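Okay, structure first, notes after.
All values reported here derive from a predicted model rather than from experimental measurement.
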Amino acid sequence: RDWFRQKVLGQNGHVPWPVPPWVHIGAPRNIVFDPDDIQNFRGTGSYFQGIDGKIVIGKGCAIAPGVGLITSNHNPSDVYGHLPGKDIILGEQCWLGMNVVILPGVTLGPHTAVGAGAVVTKSFPEGYCVLVGNPARKIKEVPHDERKEDKANEENA
């Protein structure tokens, strides 16, 4: 179904990977992701802007429906123009809940969970945290134990 809509009807025809018509992809050349995470582009109403800035989605991220990743805002002095774009970087294993908005220049470290409806205006590069609210704020640290990786390696050896 999506192939027909995309390739024959031209809905999201500019995107080189399968995307349904209910997702908006602006500037797909500026979006970097692991092919195993293609499901992130299936959420109803999601918006991946990518204008004048890259969107880098770390491996294993989960992006819910209605999420907006915005690399460039409108210029308040000229509503038809845009401010210079800034990259958005999501670390590995981030989770973005429904209707989250990530604004230009934000970097989220690995294992960052963002609660539904949050608007992330600043970076949390250290990761391993839970963010909520508008503007988003850290409410909890997610415990991580480097020894967990060592134990997994020992079991596999």
Side-chain angles (χ1 to χ4, degrees), residues 1-3 5-6 11-73 82 84-153 156:
R1 262 187 332 224
D2 292 341
W3 180 88
R5 290 178 179 154
Q6 189 173 8
Q11 297 170 331
N12 277 324
H14 66 291
V15 182
W17 63 86
V19 178
W22 49 81
V23 173
H24 177 79
I25 306 285
R29 70 188 176 282
N30 288 337
I31 301 174
V32 179
F33 63 97
D34 187 284
D36 290 339
D37 295 330
I38 195 80
Q39 79 283 355
N40 284 322
F41 299 98
R42 307 218 35 92
T44 303
S46 294
Y47 180 71
F48 299 84
Q49 185 198 55
I51 296 175
D52 294 334
K54 288 203 177 296
I55 297 173
V56 178
I57 302 170
K59 185 168 178 58
C61 286
I63 299 175
V67 167
L69 301 175
I70 302 166
T71 59
S72 179
N73 278 320
H82 284 92
K86 296 178 184 174
D87 296 347
I88 292 174
I89 300 170
L90 303 179
E92 291 186 355
Q93 300 285 317
C94 286
W95 171 68
L96 306 181
M98 188 173 218
N99 297 323
V100 164
V101 176
I102 308 287
L103 294 179
V106 168
T107 296
L108 298 180
H111 298 271
T112 299
V114 184
V119 178
V120 186
T121 60
K122 68 179 188 172
S123 293
F124 295 86
E126 68 283 353
Y128 295 93
C129 60
V130 177
L131 309 176
V132 298
N134 180 5
R137 67 192 184 290
K138 182 173 20 176
I139 61 162
K140 180 179 179 181
E141 301 230 355
V142 175
H144 63 286
D145 184 0
E146 271 101 28
R147 292 179 296 156
K148 189 185 288 185
E149 292 174 5
D150 293 337
K151 287 178 187 174
N153 290 335
N156 293 331

Subject >> Atom pair CG/CG of L69 and D87 - distance to nearest 0.5 Å >> reply: 12.5 Å
Subject >> Interatomic spacing from CD1 in I88 to CZ in F48 - rounded to 0.5 Å >> reply: 10.0 Å
Subject >> Euclidean distance, I55 CD1 relative to I70 CD1, rounded to 0.5 Å >> reply: 9.0 Å
**OP:** Say whether, by atom type as modelled, one donor and one acceptor occur between the side chain of T112 and the main chain of C129 under 3.5 angstrom.
**Re:** no
Subject >> Nearest-0.5 Å distance, NE2 of residue H111 to SG of residue C94 >> reply: 8.5 Å
Original post:
Does any N or O in the side chain of N134 come within less than 3.5 Å of the main-chain N or O of G117, such that one atom is a donor and the other an acceptor?
Top reply: no
Original post:
Which pairs with one or both residues in residues 120-132 pass salt bridge (Lys or Arg N to Asp or Glu O under 4.0 Å), sequence neighbours excluded?
Top reply: E126-K138
Subject >> Sequence-distant partners of H24, ring-ring contact (aromatic ring centres under 6.0 Å, His included), two or more places apart >> reply: Y47
Original post:
Hey, are the side chains of T71 and K86 touching, using non-hydrogen atoms and a 4.5 Å cut-off?
Top reply: no
**OP:** Using atom types as modelled and distance alone, determine if a side-chain donor or acceptor of Q49 lies under 3.5 Å from a backbone N or O of G26.
**Re:** no
Subject >> L131 to A136 - nearest heavy-atom pair and separation >> reply: CB-CB, 4.3 Å
**OP:** For F41 and I31, run side chain to side chain contact (heavy atoms under 4.5 Å, CB included): C-alpha distance rounded to whole Å, both residues' side-chain angles, the deciding distance at 0.1 Å, then the answer.
**Re:** CA-CA 11 Å; F41 299 98; I31 301 174; 4.0 Å; yes
**OP:** Let me know which of L96, I63, V32 forms a side chain to side chain contact (heavy atoms under 4.5 Å, CB included) with I57.
**Re:** I63
**OP:** Can you see which heavy atom on T44 is nearest to which on P65, and at what distance?
**Re:** O-CB, 3.5 Å
Original post:
Can you tell me how far the NZ atom of K54 sits from the CD1 atom of I89, to the nearest 0.5 Å?
Top reply: 10.5 Å
**OP:** Quick one: closest heavy-atom pair of D36 and D34, and the distance?
**Re:** N-OD1, 2.8 Å
Original post:
Where the side chain of N12 meets the backbone of V23, is there a donor-acceptor pair that is under 3.5 Å apart?
Top reply: yes
**OP:** State, to 0.1 Å, how close A118 and V114 come at their nearest heavy-atom pair, and which atoms those are.
**Re:** CB-CG1, 3.6 Å
**OP:** Could you walk me through whether V67 and M98 pass the side chain to side chain contact (heavy atoms under 4.5 Å, CB included) test, one step at a time?
**Re:** CA-CA 6 Å; V67 167; M98 188 173 218; over 6 Å; no
**OP:** For D52 and S72, indicate whether the former's side chain and the latter's backbone hold a donor-acceptor pair under 3.5 Å.
**Re:** no
**OP:** Please report the closest heavy-atom contact between P110 and P125, naming both atoms and the distance.
**Re:** CD-O, 4.4 Å
Original post:
Ignoring hydrogens and geometry, is there a side-chain-to-backbone donor-acceptor pair from D37 to G60 under 3.5 Å?
Top reply: yes
Subject >> Minimum heavy-atom distance S46-A64, with the two atoms named >> reply: OG-O, 3.6 Å
